[in-house]
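These figures come from a predicted structure and were not determined experimentally.
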Amino acid sequence: MSRNWPSRIVVLVKPSPLAGVEDAARQARDDANAAALASGISIRELTHADEHHAVQDLLARVWSADRDQSPLPAHVTRTLSLIGGYVAGAYDSDGELLGAAAGFLTDDTADLGPAHLHSHITGVVPAARSRHVGFALKLHQRAWALSRGITQVTWTFDPLVARNAYFNLVKLGARAAGYLADFYGAMDDGINTGQGSDRLLAQWDLSSPSVVTAIRGPRPHLDLAGLTGAGQLLLRPGPAGAPQRLAGDFRGPVACAIPADIERMRRDDPQVARDWRQAVRAVLGRAMEAGYHITDFARSGCYLLQPGPASRPAGGGGMHDLRQEADR
């Protein structure tokens with residue numbers, strides 16, 4: 001009796017979600033290792049008391065504060081590492097600590113969604129700003145989270161600091177999920193004193209295609225000429241650098257420019273810097289409350305916003321994450 005056997009047998013196996021997570025974690029480790037190698041550093045989790053005291057000192061230097069007014073004391077990071085949080089340091093080849101980052105694990109929350117890592121602070125010494133140490137730290141943080149099945153990291157950043165906005169939204173591919181007016185209240189460190197503490201909430205979807213594309217950049221230059229020519233630029237630097245509100249309104253795509261270097265302005269003309277805080281809150285904050293979402297950021301210092309619900313992370317912590325590099 002003859003039998004007509006098929007020439008081949010194809011077995012379809014549905015991939016398990018665990019396999020996808022493991023693949024994403026492995027690729028994230030490769031990305032993190034490549035970034036650390038390019039920066040000439042090594043990054044590791046910190047577990048010893050002397051390491052945490054070194055982090056306290058480093059953060060005090062970065063935020064121009066006395067040691068006892070460091071943004072994150074050693075006893076906090078020591079405890080954080082004990083209970084499973086994220087505390088890591090970036091070291092030069094000679095063992096010098098160049099940067100550090102710390103984050104808290106969250107539970108499910110109504111405002112922020114499923115359990116994730118909240119990156120409270122990241123800082124890098126000024127001398128290492130040109131080496132992309134902050135980028136390497138964030139990729140280490142991403143790999144750390146994905147290896148534990150955590151797929152999202154959040155943090156906050158000052159919407160007036162153009163370098164941070166570019167770093168977070170463009171280089172990392174995070175999404176600006178909300179505008180938080182005067183989030184921390186009055187701050188008395190060497191950076192934010194008298195300037196208010198408005199923040200944008202960043203959400204970083206660690207394995208999304210847009211994030212993978214961003215961190216493996218480069219990306220095309222953002223051209224705002226058409227938008228600004230159409231009268232949809234709502235705010236820009238005017239005479240003497242003061243904020244200038246324009247006649248545009250919230251119809252279709254809009255743009256909101258900010259100073260190229262608000263940190264210098266805060267030193268040289270703190271009143272104008274305070275005027276910028278109020279102007280950006282009134283324009284960018286109001287636009288986001290009205291349902292607009294940030295879709296991009298021009299390196300020259302300009303947010304691009306579109307109406308309607310956010311559908312993808314902007315092309316791109318905690319406390320003031322991130323303060324470090326010249327080209328973030």
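For the atom pair Glu51 CD and Glu45 CD, the distance stands at 10.5 Å (nearest 0.5 Å). For the atom pair OH of Tyr91 and OG of Ser42, the computed distance is 8.5 Å after rounding to the nearest 0.5 Å. A distance of 9.5 Å separates NE2 in His120 from CG in Leu80, rounded to the nearest 0.5 Å. Once rounded to the nearest 0.5 Å, the distance linking CG of Asp92 with CG of Leu98 reads 4.5 Å. In this structure, Lys171 NZ and Arg163 CZ are separated by 12.0 Å, a value rounded to the nearest 0.5 Å. The CG atom of Leu160 sits 6.0 Å away from atom CD1 of Ile258, with the distance rounded to the nearest 0.5 Å.
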*Audit row: Leu172, Phe135, side chain to side chain contact (heavy atoms under 4.5 Å, CB included) steps and yes/no*: CA-CA 8 Å; Leu172 294 180; Phe135 183 68; 3.9 Å; yes

*Hey, mind stepping through Leu105 and Ile150 against side chain to side chain contact (heavy atoms under 4.5 Å, CB included) and telling me if it holds?*
CA-CA 9 Å; Leu105 293 172; Ile150 300 167; 3.5 Å; yes

*Would you check, one step at a time, whether the test side chain to side chain contact (heavy atoms under 4.5 Å, CB included) holds for Asp182 with Arg277?*
CA-CA 10 Å; Asp182 207 23; Arg277 174 68 77 204; over 6 Å; no

_As a quick check of understanding, evaluate side chain to side chain contact (heavy atoms under 4.5 Å, CB included) for Leu117 and Trp144, giving each step before the final call._
CA-CA 10 Å; Leu117 177 70; Trp144 182 94; 4.1 Å; yes

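The closest side-chain heavy-atom distance from Ser207 to Asp23 is not below 4.5 Å. Counting heavy atoms from C-beta outward, Val280 and Tyr179 have side chains that approach closer than 4.5 Å. The closest side-chain heavy-atom distance from Leu59 to Ile121 is below 4.5 Å. A 4.5 Å side-chain heavy-atom check between Met265 and Val272 finds at least one atom pair inside the cut-off. Two residues are said to be in side-chain contact when any heavy atoms from C-beta on lie closer than 4.5 Å; Val170 and Asp296 meet this criterion. Taking 4.5 Å as the limit, some side-chain heavy atom of Arg199 sits within range of a side-chain heavy atom of Tyr184. In this structure, the side chains of Asn168 and Trp155 come closer than 4.5 Å at one or more pairs of heavy atoms. Residues Val254 and Val283 form no side-chain contact, since every pair of their non-hydrogen atoms from C-beta on lies 4.5 Å or further apart.
Judged by distance alone, with hydrogens and angles left aside, the side-chain atoms of Asp108 form a donor-acceptor pair with the main-chain N or O of Ala115 at under 3.5 Å. Remark: side-chain polar atoms of Glu263 are not paired, donor with acceptor, to backbone N or O of Val161 under 3.5 angstrom. Although no hydrogens or angles enter the test, the distance criterion places no donor-acceptor pair under 3.5 Å between the side chain of Thr122 and the main chain of Ala101. Formation of a donor-acceptor pair under 3.5 Å by the Arg78 side chain with backbone atoms of Thr47 is found in this model. A side-chain donor-acceptor contact under 3.5 Å links His293 to the backbone of Gln306.
Other residues, nucleotides and ligands contribute only 12 or fewer heavy atoms inside 6.0 Å of the CZ atom of Arg264.
Using a 4.5 Å cut-off between side-chain heavy atoms of Ile, Leu, Val, Met, Phe, Trp and Tyr, with links allowed through other members, Val212 and Leu139 fall into different hydrophobic clusters.
With sequence neighbours left out, Arg286 forms a salt bridge (Lys or Arg N to Asp or Glu O under 4.0 Å) with no residue at all. Checked against salt bridge (Lys or Arg N to Asp or Glu O under 4.0 Å), Asp275 has no partners two or more places apart in sequence or in another chain.
Using the six-membered ring where Trp is involved, His118 and His116 have ring planes that are perpendicular, over 60° apart on the 30 and 60° scheme. In this structure, Tyr86 and His140 have tilted ring planes: the angle between them lies in the 30° to 60° band.
Smallest separation of non-hydrogen atoms from Asp66 and Ala60: O-CB, 3.8 Å. For Arg131 against Gly40, the heavy-atom pair with the smallest separation is NH2-O, 3.3 Å. Considering all non-hydrogen atoms of both residues, Trp276 and Ala257 come closest at CZ3-O, 3.4 Å. Looking at every heavy atom in both residues, Val124 comes nearest to Ala128 through CG1-CB, 3.9 Å. Annotation for Pro114 and Thr106: closest pair O-OG1, 4.3 Å, computed over non-hydrogen atoms. A pairwise comparison of heavy atoms in Ile41 and Ala90 identifies CD1-CB, 3.9 Å as the closest pair.
Asp31 and Lys138 are not joined by a salt bridge, as no carboxylate oxygen comes within less than 4.0 angstrom of a charged side-chain nitrogen.
No hydrogens or angles considered: a donor-acceptor pair under 3.5 Å links the side chains of His52 and Thr77.
When each of Leu206, Val153, Ile43 is tested with Gln141 by the rule side-chain contact (heavy atoms from CB on, under 4.5 Å), just one qualifies, namely Val153.
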